[in-house]
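Just so we're on the same page: letters track the sequence lines, and every chain starts at 1.
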Amino acid sequence: MFPLNGTMQDQHTPAADTAPGLEALLVAVGRERDKQAFGVLFGHFAPRLKTYLRRLGCDSSAAEELVQEVMLLVWRRAETYDPRHASAGTWVFTIARNKRIDVLRREQRPEIDPDDPALVPEPEESADRRIEAKESSGRLRAALKDLPPEQAELLRMAYFEDKPHSVISAEHGIPLGTVKSRLRLAMERLRRSLKDVG
Amino acid sequence: MNRPSHHPGDTLLIDYAGGALCEGASLAVATHMAFCPACRHAVAEMEAIGGALLDDLEPEPLSDGCLEALMARLDHERPAPCRPAVKPSPETSCYPEPLRSYLRGRLDRDGRIGEGGWRFLQPGMRCMDLLSGPNGTTRLIRMKGGVGVPQHTHGGIELTVVLEGGFSDEFGAFLPGDLAIGDPSLVHRPVSDPEGCLCLATTIGGLRLTGPLGRWFNRFVKF
């Protein structure tokens, strides 16, 4: 069901699959303040971030302004990026999500602190189940393309419309149970792709 | 420490990971995550999905000069990012982040929530507001042992995370880290455990009390 590694040619983002990858570029920005690497990252992410913010309701100029703020945070925080924990796209997504909540909703984003000693730790046997970020992101994107359209559509709404699933259900006239089961089914498929070692 | 047995579930975690939940509901979910490695892992997976969805978006070109303008700003940035090697020591706290940040100034010397600042709700039950906005309220609720809340249902959604002690209702026993979801289809009558209960409760939309006592309560108690 899932394409094997190497058989998926990424037509949209050649930079994602050819050396140096986005992850390596982000590490270079963090370590060496590499402006050229930053320029390549900007070229990849900024136009996608603009689409993301437009889908969330920004007009073109507001979106561009916010894209610059997000990319400035990428520059400032690149040092904290750890390619073992997240792909570059995932890391940029979380920065963009938190920034748009801050700017568009004027709310804080409550998050755990991974270094907090008060966190209840993982059971030891599962401490190594970390997502192999970079390897899995290609499989994940392939699995997304394979999702049934009604599941993929709901998933996009959940990520790009700033509405909880209960509101999506009410606004689109899809019964809540259907929304939940479609999202769960989508998650099941996508999780399998993350676990699949190729 | 035991790990929680009542979880937000995939759909609520997707709402959190995608950024659709309001601040109060996000605080409840993230507080549960501090107790729950499994849900932390699930959210990491969902953020990876967010990253993949972002990568798949049709790029929309930016106006000319955006990159140059940003590059010029980078020149004014400090040469090394200013990031303290050691975080400023937080006040002693028994509670994990992100809840700890919302309790600033409300903790006693032992890092526990002190006696001041509580508001009477009913005998044996007090509350302390942490956040209130157009979407709903987030508060701490402290119950003495064996206290029952009048039977009620929910006009919106109520998320309750147990911090200390516990409570039980028709759906089971809730212990530290457990997250209970109340929605309009749920009518319940929670009773606190003998040692009492401290929990974080976020209500989005209204909460309606049912039963004769509850209807009387509705007039002036806003949960």
Under 4.5 Å from a heavy atom of chain B, the part of A/L119 involved: both
Between B/S101 and B/E97, a side-chain donor and acceptor under 3.5 Å: yes
Check: B/D108 side chain, B/R112 main-chain N or O, donor-acceptor pair, under 3.5 Å: yes
Residue pair B/T202 / B/T138, side-chain donor-acceptor N/O under 3.5 Å: yes
Side chain, backbone, both or neither of A/D162 within contact of chain B (heavy atoms, under 4.5 Å): both
Winner by heavy-atom pair count (cut-off under 4.5 Å) against chain B, out of A/R54, A/R55, A/R105, A/R109: A/R109
Pairs involving residues 24-40 of chain B, ordered by first then second residue, that meet salt bridge (Lys or Arg N to Asp or Glu O under 4.0 Å) (sequence neighbours left out): none
Among B/I14, B/L99, B/I49, B/V29, residue most engaged with chain A (heavy-atom pairs, under 4.5 Å): B/I49
Residue among A/Q108, A/R184, A/K163, A/K180 with most heavy-atom pairs under 4.5 Å to chain B: A/Q108
Aromatic A/W91 / basic A/R77 pairing, under 6.0 angstrom, 45° off normal: no
Interface residue of largest heavy-atom contact number with chain A, from B/D15, B/L12, B/L27, under 4.5 Å: B/D15
Shortest non-hydrogen separation from B/G18 to A/F93 and the atoms involved: CA-CZ, 4.3 Å
Residue selection (most heavy-atom pairs with chain A, distance under 4.5 Å) from B/A34, B/A25, B/G9: B/A34
When B/P96, B/G50, B/A52 are compared by non-hydrogen pairs under 4.5 Å with chain A, the top option: B/G50
Full working for side-chain contact (heavy atoms from CB on, under 4.5 Å) between A/L194 and A/L190: CA-CA 6 Å; A/L194 283 167; A/L190 298 174; 5.7 Å; no
Listed partners of B/L175 passing side-chain contact (heavy atoms from CB on, under 4.5 Å), at least two apart: B/D178, B/D193
Residue part contacting chain B, namely of A/L155, when any heavy atom lies under 4.5 Å: both
Part of B/C22 within contact of chain A (heavy atom distance under 4.5 Å): both
Side chain / backbone / both / neither for B/Y16 at chain A, heavy atoms under 4.5 Å: both
Parallel, tilted or perpendicular: ring planes of A/F160 versus A/Y52, cut at 30 and 60 degrees: perpendicular
Minimum-distance pair of heavy atoms, taken over all atoms of B/L13 and B/C39: CD1-SG, 3.9 Å
N-O pairing of A/R48 and B/D56 below 4.0 Å: no
Side-chain ion pair, B/R3 and A/E122, N-O less than 4.0 Å: no
Minimum-distance pair of heavy atoms, taken over all atoms of B/T160 and B/A201: OG1-CB, 4.1 Å
Residue A/I101 versus chain B: region with a heavy atom under 4.5 Å: side chain
Residue among B/A17, B/C36, B/A30, B/P4 with most heavy-atom pairs under 4.5 Å to chain A: B/A17
Residues of residues 169-177 of chain A near chain B, each having a heavy atom less than 4.5 Å away: none
Among A/A118, A/A88, A/A63, A/P164, residue most engaged with chain B (heavy-atom pairs, under 4.5 Å): A/P164
Residue pairs fulfilling side-chain hydrogen bond (donor to acceptor under 3.5 Å, both in side chains) with at least one residue in residues 26-35 of chain B, sequence neighbours excluded: B/H7-B/H32
Heavy-atom pairs under 4.5 Å with chain A, option from B/V43, B/L62, B/L131, B/D10 with the top count: B/L62
Under 4.5 Å from any heavy atom of chain B - which part of A/V67: side chain
Portion of A/P121 that has a non-hydrogen atom of chain B nearer than 4.5 angstrom: both
